[in-house]
Amino acid sequence: MELPPTPADAALVFGGRLSLAERFVEILADTGTSHGLIGPRETPRLWERHVLNCAVVERVIPTTDTTQPLIDVGSGAGLPGVVLAIARPDLHVHLVEPLARRTTWLSETVTALGLDNTTVHTARAESLWGQVSAPWVTARAVSNLRQLALWCLPLLEPQGRLLALKGERAATELEEHRASLAALGVVEMSSELVGQELIEPTHLVTLRVGAAVDRVRLAREAPGSAGSARRRADRPAGTRGSGRSRGGSTSPGRRPKGDPGTSS
């Protein structure tokens, strides 16, 4: 396993916690690859395309006098959730991922890094509505903006923001969904580049909600997700999900009638 060299920009982003970020890169290149969370061809560009690409998002989250919760939906390989927990020890990051094999890896990674500002949930985003909320929700490469909003807006506190890490079509996608996002309760939306001084800057879409979110309506409209499809493909034939939860969260096993589909 040949690790990519640590770029000079990494020290500017992680400061005194750079060694933790370097250890995370080692884990991604090792078990992250062997567990299928990171493609083997991605190893040479783990820093620029993945870790730094996620870390610069912390710049849009102002510091406060108290610990701020942040919910990362579809955490997968810990991008951006684990990266933000490393870069910002003042955040408490909830890593939300429906696949138990992935949350097992996330829990082991969090333990290996000694991160005490994270909680891992084996759960769909929808199953945490009313149980966990935060002023910040993040998601990287999870569905289109409207579907992502349906799953994530109910997790936001009043005036909270959803930070969606997108590809080069971020601004175009935002325009395509602007009207439907406003109808769902988004009162402010923008697309911007973050970390322009890096090789691959981050295309970030920010959606802010108002004083309240209509969870009943969102539950009625929330679609089935790519997460459920991935889980079915990942599960051996004839088996069901365990419904297990890590870090103190509760994940339902069989979905009650009328419950929305699984999130990424």
Side-chain angles (χ1 to χ4, degrees), residues 1-33 37-39 41-95 105-106 109-120 134-142 161-168 170 190-206:
M1 177 184 63
E2 185 175 350
L3 291 174
T6 303
D9 291 335
L12 299 177
V13 177
F14 290 102
R17 292 169 72 85
L18 177 59
S19 61
L20 274 180
E22 291 175 324
R23 176 61 182 136
F24 182 50
V25 168
E26 292 176 6
I27 293 172
L28 286 174
D30 184 7
T31 59
T33 301
L37 298 172
I38 292 290
R41 294 183 179 180
E42 294 300 302
T43 301
R45 49 187 181 180
L46 278 174
W47 280 107
E48 288 82 2
R49 186 169 184 176
H50 297 286
V51 175
L52 289 179
N53 181 265
C54 291
V56 294
V57 174
E58 69 89 15
R59 299 177 181 181
V60 307
I61 304 174
T63 58
T64 65
D65 294 334
T66 59
T67 299
Q68 298 181 82
L70 179 147
I71 302 171
D72 183 43
V73 172
S75 292
L79 303 166
V82 171
V83 174
L84 292 175
I86 294 172
R88 291 285 296 274
D90 60 311
L91 298 174
H92 187 94
V93 179
H94 294 265
L95 304 171
W105 181 88
L106 284 169
T109 297
V110 164
T111 298
L113 295 173
L115 295 176
D116 59 3
N117 62 328
T118 62
T119 301
V120 180
W136 307 96
V137 172
T138 56
R140 185 178 192 242
V142 177
R161 289 171 168 80
L162 168 60
L163 306 176
L165 288 75
K166 289 285 187 176
E168 293 181 354
S190 63
S191 174
E192 63 181 316
L193 283 176
V194 183
Q196 293 92 327
E197 75 279 10
L198 303 180
I199 294 176
E200 296 194 35
T202 302
H203 295 263
L204 184 69
V205 173
T206 301

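- Here CD1 of I27 is found 12.0 Å from CG of L37. Values are rounded to the nearest 0.5 Å.
- The OG1 atom of T33 sits 7.5 Å away from the CG atom of L28 when rounded to the nearest 0.5 Å.
- Considering only heavy atoms from C-beta on, I71 stays 4.5 Å or farther from T138 through its side chain.
- Residues A10 and L52 share a closest heavy-atom pair of CA-CD2, 3.9 Å.
- Side-chain contact between L3 and E22 is absent, with no heavy atoms from C-beta onward closer than 4.5 Å.
- Taking the side chain as every heavy atom from C-beta outward, T206 and E192 approach each other to under 4.5 Å.
- When side chains are defined from C-beta on, C54 does not count as touching L84, because their heavy atoms never get closer than 4.5 Å.
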* To do: Applying side-chain contact (heavy atoms from CB on, under 4.5 Å), run through L70 and V137 and close with a yes or a no.
  => CA-CA 6 Å; L70 179 147; V137 172; over 6 Å; no
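- If you take CG on L163 and CZ on R140, they are separated by 14.0 Å, rounding to the nearest 0.5 Å.
- Counting heavy atoms from C-beta on, the side chains of L20 and L115 come closer than 4.5 Å.
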* Asked: Between N53 and L165, is a side-chain contact (heavy atoms from CB on, under 4.5 Å) present by the stated rule, with each step listed?
  -> CA-CA 9 Å; N53 181 265; L165 288 75; 4.2 Å; yes
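- Smallest separation of non-hydrogen atoms from P44 and P4: O-CB, 3.5 Å.
- Rounding to the nearest 0.5 Å places OG1 of T64 at 6.5 Å from CG of D90.
- The heavy-atom pair separating V73 from V142 by the smallest distance is O-CG2, 3.9 Å.
- At least one donor-acceptor pair under 3.5 Å links the side chain of R17 to the backbone N or O of I86.
- The minimum heavy-atom distance linking P201 with Q196 is given by the pair CB-CA, 3.9 Å.
- Residues P135 and R161 fail the side-chain proximity criterion, which asks for heavy atoms closer than 4.5 Å.
- With respect to H92, the side chain to side chain donor-acceptor pair (under 3.5 Å) criterion is satisfied by exactly one of N117, T67, T119: T119.
- Looking at every heavy atom in both residues, L106 comes nearest to A77 through CD2-C, 4.2 Å.
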* Asked: What's the verdict on side-chain contact (heavy atoms from CB on, under 4.5 Å) for K166 and L204, showing C-alpha distance, side-chain angles and the deciding distance?
  -> CA-CA 6 Å; K166 289 285 187 176; L204 184 69; over 6 Å; no
* Asked: Could you go step by step and tell me if L162 and V205 meet the side-chain contact (heavy atoms from CB on, under 4.5 Å) rule?
  -> CA-CA 8 Å; L162 168 60; V205 173; over 6 Å; no
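- A donor-acceptor pair is defined here as one N or O able to donate and one able to accept, closer than 3.5 Å; no such pair exists between the side chain of E26 and the backbone of A21.
- Scanning both residues, A55 and V13, for their nearest heavy atoms gives CB-CG1, 3.4 Å.
- In this structure, CG in D30 is found 12.5 Å from CD1 in I38, a value given to the nearest 0.5 Å.
- Annotation: side chain of V82 is not in contact with side chain of T118 (no heavy-atom distance under 4.5 Å).
- Electrostatic pairing of R45 and E48 does not count as a salt bridge here, judged by no charged N lying under 4.0 Å from a carboxylate O.
- Distance CD/E58 to CZ/R88: 5.0 Å, rounded to 0.5 Å.
- Annotation: side chain of T202 is in contact with side chain of V57 (closest heavy-atom distance under 4.5 Å).
- By the 30° and 60° cut-offs, the orientation of the rings of W105 relative to F24 is tilted.
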